[in-house]
Amino acid sequence: MKKGIVFMILLCAASCATLLQAQETKNSSFQFTIVPPIGTQGAEAPSYSNKVSVNLLIGISKNERKFTFGGIGNIVSNDASGTQIAGMFNFISNNANGFALAGISNIIGNNGNGILLSGMLNTSKNYNGMQIGGVLNVASNLNGIQIAGIGNIAENANGFQIAGIGNIAKNANGFQIVGISNVAKNMNGFQIAGINNKADNLNGFQIAGIFNKAKKVNGFQIAGILNIADHSDYPIGLVNLIKDGEKGISVSYNEIGSTVLSFRSGGKVMYGILGLGYNYRSISKQSALIEAGIGAHINYTPTFRINTEMTSKKYGLFNENNTTQYSLAVLPAFKCAPHLEIFGGPTFNYLQSDNKDNEDIFPGNACINLWKTSSSSCLEQGYIGFTIGTQFLF
């Protein structure tokens, strides 16, 4: 009895193998299908490997070698190479090599090489080449390019991702460019986003319109407002919340009578400056001011360093006629206590006002004048001044 069962199993296996072998040997130079099984190959179409296929609506085949066209879609149960064009979808169960164009989606079950172009979605396991999707591209391993109107997703991306809304990758080597947000666990290269970038480990740089977030950064973070990281020596933003970095609240005074309360935050080298202040000399509604800038520490000893800063101060926040001061400061700083620093030094300034009535805020003898021009609509002066202050560090 057992021998009979074994014999039947072996016979079935042999029959299946023979059938598969027979299927693999079916080759065709050309086939035409309206909709399966209405076509030149009839019900046997799934067992054929074709060089050229024309499918009025939908076609089914085992392999496609050179060119495939489907008014609605093409279904290939194994491999496809050459060019596949479909009004709605191309479905290739195994590997694809060449060019696939679909109105809605290209779906590759395994590996792909070449170009996938679709109105909405491209998916594959491993892809070498380019995926261009109107909405979304998805790949486990990408070597090449993903371009999507909304998003790109890859576990491992070697190359670059460009999307209108979001790029997501576990490991990315290359760059991510997006209108809204980039996300990567490990990033070697750079991320550029209109709103934010996020990475656990970054080797390269992040540029974002609003904020960047990372754990460990070897490189730069550049943000319009905020950088967040466990470790980042070179953050460039107005506010930088770096876990192993430095934050400080300072009070400073300059040559034209401006007292400013500022928040300085950053890493061991770069930091951001954001402050509010008051100018006591102004009598033309230019008293209130806001300060923004970036700085860099030049560290010499644990108690002495030089802080170099580029700042912009805008006076007259509640007045149509603003005055703006741009300054480059070189400020030696001494740490006189574990959390207390005093600083002071020369500044190189450009002061500009769009109203001659604001002349009272311009410096008198408390500076070294470099040039000064005036007209009925504008006042400008370049000069060397000073800044002194103290800072509480935490």
Side-chain angles (χ1 to χ4, degrees), residues 3-142:
K3 290 183 178 180
I5 295 173
V6 171
F7 176 76
M8 292 297 294
I9 292 172
L10 291 174
L11 181 62
C12 291
S15 300
C16 291
T18 303
L19 180 59
L20 289 172
Q21 185 176 4
Q23 289 178 345
E24 289 176 358
T25 59
K26 291 183 179 180
N27 295 299
S28 174
S29 296
F30 175 82
Q31 77 86 24
F32 174 79
T33 298
I34 297 175
V35 64
I38 304 172
T40 58
Q41 295 169 352
E44 294 185 343
S47 66
Y48 271 87
S49 295
N50 305 306
K51 289 184 178 180
V52 177
S53 291
V54 176
N55 305 304
L56 188 63
L57 297 176
I58 296 175
I60 298 175
S61 60
K62 185 165 188 177
N63 298 293
E64 293 293 339
R65 302 303 186 197
K66 290 186 177 180
F67 178 80
T68 312
F69 172 82
I72 294 177
N74 299 306
I75 300 172
V76 182
S77 64
N78 192 34
D79 298 335
S81 59
T83 301
Q84 285 73 50
I85 299 174
M88 294 182 68
F89 68 89
N90 288 303
F91 177 82
I92 301 165
S93 181
N94 194 24
N95 301 318
N97 295 286
F99 173 71
L101 170 65
I104 294 178
S105 65
N106 293 304
I107 299 173
I108 313 300
N110 199 10
N111 303 319
N113 296 281
I115 299 173
L116 298 179
L117 177 61
S118 72
M120 294 183 67
L121 171 68
N122 295 306
T123 68
S124 64
K125 185 176 181 181
N126 303 301
Y127 202 80
N128 298 300
M130 180 184 295
Q131 294 180 318
I132 302 175
V135 176
L136 181 67
N137 294 307
V138 180
S140 293
N141 299 298
L142 171 74

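Side chains are part of it too, since the values below use all heavy atoms of this structure and drop only hydrogens, waters and symmetry mates.
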If you look only at pairs with a residue in residues 35-57, which of them pass as a salt bridge (Lys or Arg N to Asp or Glu O under 4.0 Å), with sequence neighbours excluded? K26-E44
Check against side chain to side chain contact (heavy atoms under 4.5 Å, CB included), Q31 and N55: CA-CA 8 Å; Q31 77 86 24; N55 305 304; 2.8 Å; yes
Given N137, which of T123, L116, N122 fulfils the side-chain contact (heavy atoms from CB on, under 4.5 Å) condition? N122
Per the side-chain contact (heavy atoms from CB on, under 4.5 Å) rule, which among T33, N74, T68 passes with S53? T68
Run the side chain to side chain donor-acceptor pair (under 3.5 Å) test against [X] and tell me which residues pass, sequence neighbours left out.
X    : value
N111 : N126
N110 : N94, N95
S93  : none
Q84  : none

What is the distance from atom [atom1] of [X] to atom [atom2] of [Y], rounded to the nearest 0.5 Å?
X    : Y    : atom1 : atom2 : answer
L136 : Q131 : CG    : CD    : 9.0 Å
S124 : N141 : OG    : CG    : 9.0 Å
I115 : I132 : CD1   : CD1   : 6.5 Å

Check whether any side-chain heavy atom of F69 sits under 4.5 Å from a side-chain heavy atom of V52, and report yes or no. no
Within the 4.5 Å heavy-atom criterion, are N50 and Q41 side-chain neighbours or not? yes
Partner residues of [X] under the side-chain contact (heavy atoms from CB on, under 4.5 Å) criterion, sequence neighbours left out:
X    : value
V135 : M120, I150
F32  : F30, I34, T40, V54, L56
I75  : I58, I60, F89, F91
S77  : K62

Kindly determine whether N113 and Y127 satisfy side chain to side chain contact (heavy atoms under 4.5 Å, CB included), including the steps that lead there. CA-CA 6 Å; N113 296 281; Y127 202 80; over 6 Å; no
Would you check if the side chain of S118 reaches a backbone N or O of L121 as a donor-acceptor pair within less than 3.5 Å? yes
Answer with yes or no whether the side chains of S49 and N63 bring together a donor and an acceptor at under 3.5 Å. yes
